[in-house]
Number of protein chains: 2
Amino acid sequence: MTDLPAAALAQGAAPHNRRAPHGQVAPLREEILAAAARLLEERNDIDAISMRAVAGAAGVTPAAIYRHFTDRNELIFEICERCFQELDRVVEEAAASSSDPLESLRLRGRAYIRFGLAHPEEYRIWFMSKPGATPDWTVDRIMQGPVVTHLVQAVQACLDAGVIRPADPALVAFGLWSAVHGLTSLLITKPSFPWPDLDELLDHILSILAAGLVPGREELTRRAVAPFSAP
Amino acid sequence: MTDLPAAALAQGAAPHNRRAPHGQVAPLREEILAAAARLLEERNDIDAISMRAVAGAAGVTPAAIYRHFTDRNELIFEICERCFQELDRVVEEAAASSSDPLESLRLRGRAYIRFGLAHPEEYRIWFMSKPGATPDWTVDRIMQGPVVTHLVQAVQACLDAGVIRPADPALVAFGLWSAVHGLTSLLITKPSFPWPDLDELLDHILSILAAGLVPGREELTRRAVAPFSAP
DNA sequence: TGTACATCAGTGAACGCGCGTTCACTGATGTAC
DNA sequence: TGTACATCAGTGAACGCGCGTTCACTGATGTAC
């Protein structure tokens with residue numbers, strides 16, 4: 001791959017000097033984002049997203065990128081931001097396909113893992129990169145983002161329906177997230193792992209968690225009696 | 001930090017030319033490893049372990065390291081290897097402190113997480129770095145290493161004792177590992193996370209897993225009856 | 001015990017590399033008259 | 001409609017940086033006589 005613009009022109013890329021029509025976003029901005037996202041998907045390596053590589057893939061010189069992004073960090077951040085919103089959308093869509101709150105929680109887990117495996121590098125930046133890395137996907141960004149919020153709401157729904165043992169919903173949500181994240185991140189990190197079939201492993205873990213969360217016989221009995229034994 | 005050997009000498013470092021006594025390992029090799037491990041602990045960043053930085057910390061020139069390690073990869077690999085063996089030692093020691101197989105499994109989880117948090121960068125290399133990275137902590141190295149082997153044995157012990165539901169021990173072990181790894185890796189990645197108290201969260205997750213793994217009432221009944229109903 | 005020599009763990013300087021970013025510029029497009 | 005000018009999205013070349021690694025060398029230590 002060369003980053004000579006001559007090569008880009010020879011490949012039929014857009015001419016080097018384009019002006020956005022009145023009031024519209026410069027088209028190159030989207031092209032750069034698309035090129036970078038494509039590179040990320042192809043190479044599965046954030047380090048492969050150098051300004052030179054992105055420029056080459058978009059058919060421009062590296063300096064041209066700085067007309068649309070203040071620096072590399074901003075470029076990568078925007079890719080992650082879009083993907084993060086997509087994650088929420090996909091998980092919510094999956095969760096909505098069952099009206100049983102516990103089954104809905106399982107569907108959430110499945111959708112989350114699948115999405116993570118489909119976007120491993122974005123997943124790495126969100127949840128596996130160290131604080132201070134660029135881009136820094138901060139704790140605040142995660143906690144105040146829709147994904148965690150919606151998960152906690154889903155746990156609350158289970159609590160309201162009485163299908164899981166009474167507990168702090170945030171604690172349950174973090175526990176569930178940890179477990180599902182553990183599987184996702186291991187699968188991303190070690191794709192050649194001799195895992196049992198993914199679906200089987202996933203169902204196994206979700207079943208253990210579900211079994212661990214449902215009220216025990218004693219709990220159900222206590223709750224049935226509670227209305228009559230209140231002080 | 002400078003890597004001028006003059007500075008090292010001024011700091012009272014060992015003279016630049018040392019010869020290992022007959023048949024002994026060159027002392028500088030251990031000094032380099034110690035300096036690199038110290039840097040890793042201080043900086044919590046694998047990228048901070050450049051050959052120049054290690055050389056500076058050890059009070060030698062970068063080229064001197066190549067007398068003892070073929071390249072940077074080998075140096076880092078050895079640090080991780082030693083730490084990996086230490087992980088196994090610590091986990092086994094913790095597991096041995098209870099004779100109840102299920103409680104022993106919990107102790108394993110606790111020890112694992114604590115060790116991971118105490119050695120976050122080594123943990124990253126083992127379980128959070130991508131295949132092909134240097135050093136490449138391959139799937140084979142993990143699977144054939146003592147940590148996984150011992151975990152599977154511990155699960156088998158629980159199965160033998162009948163304290164968890166019958167299942168493929170490897171599947172159960174992977175499930176447990178995923179969950180505990182999830183918590184460990186999230187805590188490493190987002191240390192500023194507003195987690196509930198670590199001990200509480202840890203106990204919560206281990207309790208859910210344990211509750212999910214123990215035989216249900218039906219299962220216990222079935223098993224009690226089984227000897228008489230076999231064909 | 002004293003001298004000559006061999007060894008080899010270190011030095012010091014340099015290599016080539018890819019990186020993010022900067023900067024003076026150019027020339028196609030849009031606008032005003 | 002035609003001309004002069006302003007705009008600004010691009011170019012092309014270069015910057016300084018830190019990196020892993022190489023290589024001819026040096027001089028303290030160990031050894032043989």
Side-chain angles (χ1 to χ4, degrees), chain A residues 1-10 13-32 35-36 39 43 45-77 133-135, chain B residues 1-10 13-32 35-36 39 43 45-77 133-135:
Chain A
M1 176 66 72
T2 171
D3 57 4
L4 287 178
L9 286 171
H16 78 291
N17 200 341
R18 288 158 294 179
R19 173 164 295 207
H22 233 94
Q24 275 184 251
V25 175
L28 188 59
R29 186 183 162 85
E30 288 299 320
E31 283 172 35
I32 290 169
L39 266 179
R43 306 282 294 277
D45 182 2
I46 188 67
D47 292 333
I49 311 302
S50 69
M51 298 304 258
R52 283 168 173 82
V54 171
V60 292
T61 58
I65 300 177
Y66 290 86
R67 291 272 165 209
H68 303 278
F69 301 90
T70 62
D71 54 21
R72 177 175 182 267
N73 189 29
E74 188 179 282
L75 169 60
I76 295 179
F77 192 92
T134 53
Chain B
M1 174 68 71
T2 172
D3 56 4
L4 288 178
L9 286 171
H16 77 293
N17 200 343
R18 286 160 295 179
R19 172 165 296 208
H22 233 95
Q24 276 184 251
V25 174
L28 188 59
R29 186 183 161 85
E30 288 299 321
E31 282 171 35
I32 290 169
L39 266 179
R43 306 282 293 277
D45 182 2
I46 188 67
D47 292 333
I49 312 301
S50 69
M51 297 305 256
R52 283 169 173 81
V54 172
V60 293
T61 57
I65 300 177
Y66 290 86
R67 291 271 164 210
H68 303 278
F69 301 89
T70 61
D71 54 20
R72 178 175 181 267
N73 188 29
E74 188 180 282
L75 169 60
I76 295 179
F77 192 92
T134 54

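Predicted model only: the values in this text are computed from it and were never measured. Proteins come first, then strands; the chains are lettered A, B, ... in the order of their sequence lines, and each starts at number 1.
When each of A:Met51 and B:Ala64 is assigned the nucleotide of DNA chain C with its nearest heavy atom, B:Ala64 is the one assigned upstream, toward the 5' end.
With D:dG20, D:dG10, C:dG10 as the candidates, the nucleotide lying closest to the side chain of A:His68 is D:dG10. Here the side chain of B:Thr61 is nearest to one of D:dG20, D:dG10, C:dG12, namely C:dG12. The side chain of A:Tyr66 lies closest to C:dG20 when the candidates are C:dG20, D:dT21, C:dT11. Residue A:Ser50 has its side chain nearest to C:dC19 when only C:dC19, C:dG10, D:dG12 are considered. Taking the side chain of A:Ala63 as heavy atoms from C-beta on, and the options D:dG20, C:dT21, D:dG12, the nearest nucleotide is D:dG12.
Within 4.0 Å of B:Arg67, counting heavy atoms only, lies at least one base atom of the nucleic acid.
Protein atom CD1 of A:Ile49 is 11 Å distant from nucleotide atom P of C:dC19, rounded to whole Å. Taking atom CZ of A:Arg29 as the reference point, atom P of D:dG10 lies 12 Å away to the nearest angstrom. The CG-P distance, from A:Asp47 to C:dC17, rounds to 19 Å in whole Å. Rounded to whole Å, atom C1' of D:dT11 lies 13 Å from atom CD1 of A:Ile65.
The heavy-atom pair separating B:Ala48 from B:Ala53 by the smallest distance is O-CB, 3.4 Å.
B:Arg72 places none of its side-chain heavy atoms less than 4.5 Å from the side chain of B:Leu75. In this structure, the side chains of B:Val54 and B:Ile32 come closer than 4.5 Å at one or more pairs of heavy atoms. With a 4.5 Å cut-off on side-chain heavy atoms, B:Thr134 and B:Ile76 do not count as touching.
For B:Arg52 against D:dG18, a side-chain-to-base donor-acceptor contact under 3.5 Å is absent.
The ring-ring contact (aromatic ring centres under 6.0 Å, His included) search around A:Phe69 returns none, not counting sequence neighbours. With sequence neighbours left out, A:Asp45 forms a salt bridge (charged side-chain N to carboxylate O under 4.0 Å, His left out) with B:Lys130.
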task = For DNA chain C, produce a single dot-bracket line, 5' to 3'. Pairs: Watson-Crick or G-U wobble, both distances under 3.5 Å. Symbols: ( ) within strand, [ ] crossing, | other strand, . unpaired.
result = .||||||||||||||||||||||||||||||||

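Remark: B:Thr70 OG1 to B:Ile65 CD1 distance equals 12.0 Å, nearest 0.5 Å.
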